[in-house]
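A short write-up of the structure that comes next.
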Amino acid sequence: QVQLVESGGGKVQPGGSLRLSCAASGFTFHTYAMNWYRQAPGKERESVARITAAGGSTDYADSVKGRFTISRDNVKNMVYLQMNNLKPEDTAVYYCKVWALNYWGQGTQVTVSS
């Protein structure tokens, strides 16, 4: 069974940083591209970042480019999202997703507020 477990969310002041983690199991992790999505209150879920299976290429939403970095460890079956210079508009529940499959984690809450 596929399992994705996010962690690392919390409350941070504007300009602060957080690193989110996603632990994956139940599938051949190293053969799949991975995504981070987020959903803010009253908003549709949006893709934030994507990383290829081997980790050699990444893509970001314009709203987070230059501030967020996605990475992965195919030995530990982990994917990460480093978030720097956080803004109030980054407040959302962040989800880990297998790009080509309809599997989601439970999400982790990120709140950016002074």
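Quantities reported herein were computed from a predicted structural model and do not represent experimental measurements.
Val93 is not connected to Phe68 by any chain of hydrophobic side-chain contacts under 4.5 Å among Ile, Leu, Val, Met, Phe, Trp and Tyr, and they are in different clusters. Following chains of ILVMFWY side-chain contacts shorter than 4.5 Å, one can reach Leu101 starting from Phe29, so the two form part of one hydrophobic cluster. Both Trp36 and Tyr60 belong to a single network of hydrophobic side chains, linked directly or stepwise wherever heavy atoms of I, L, V, M, F, W or Y lie under 4.5 Å apart. The hydrophobic clustering, which links ILVMFWY residues whose side-chain heavy atoms are closer than 4.5 Å, places Met78 and Val2 apart.
Figure legend: cation-pi geometry between Arg72 and Tyr80 absent, as NZ or CZ is not positioned both under 6.0 Å from the six-membered ring centre and within 45° of its axis.
Pairs engaging residues 36-87 under the disulfide (SG to SG under 2.5 Å) rule: none recorded [sequence neighbours left out]. Evaluation of the salt bridge (charged side-chain N to carboxylate O under 4.0 Å, His left out) test over residues 73-87, restricted to residues two or more places apart or in two chains, returns none. Counting only residues at least two apart or in different chains, disulfide (SG to SG under 2.5 Å) contacts with residues 29-60 are absent. Listed by first and then second residue, the disulfide (SG to SG under 2.5 Å) pairs that reach into residues 64-114 are Cys22-Cys96, sequence neighbours excluded.
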I'd like a table of donor-acceptor pairs (distance under 3.5 Å, sequence neighbours excluded) in which one partner is a side-chain atom from residues 45-57, with atom names and distances.
from	atom 1	to	atom 2	distance (Å)
Glu46	OE2	Arg38	NE	2.8
Glu46	OE2	Arg38	NH2	3.3
Ser47	OG	Asn35	ND2	3.3
Arg50	NH2	Asp59	OD2	3.3
Thr52	OG1	Gly56	N	3.2
Thr52	OG1	Ser57	N	3.1
Thr52	OG1	Ser57	O	3.4

Distance-only check: which donor-acceptor pairs under 3.5 Å involve side-chain atoms of residues 107-114, not counting sequence neighbours?
from	atom 1	to	atom 2	distance (Å)
Thr108	OG1	Gly9	N	3.1
Gln109	NE2	Ala92	O	3.4
Gln109	NE2	Thr111	OG1	3.4

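Listed for the Glu6 side chain is a donor-acceptor partner under 3.5 Å among the backbone atoms of Gln106.
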Could you please spell out the steps behind the ring pair (Phe, Tyr, Trp, His ring centres under 6.0 Å) verdict for Tyr37 and Trp104? CA-CA 10 Å; Tyr37 279 73; Trp104 301 81; 5.0 Å; yes

Can you list the steps and then say if Val79 with Ile70 is a side-chain contact (heavy atoms from CB on, under 4.5 Å)? CA-CA 7 Å; Val79 60; Ile70 188 172; 4.0 Å; yes

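Taking 4.5 Å as the limit, some side-chain heavy atom of Leu4 sits within range of a side-chain heavy atom of Met34. Looking at Met83 and Arg19, their side chains never come closer than 4.5 Å, going by heavy atoms from C-beta outward.
Here the CZ atom belonging to Arg67 is positioned 10.0 Å from the OG atom belonging to Ser17, to the nearest 0.5 angstrom. If you take OH on Tyr95 and CD on Gln39, they are separated by 5.5 Å, rounding to the nearest 0.5 Å.
The aromatic ring centres of Tyr32 and Phe27 sit less than 6.0 Å apart.
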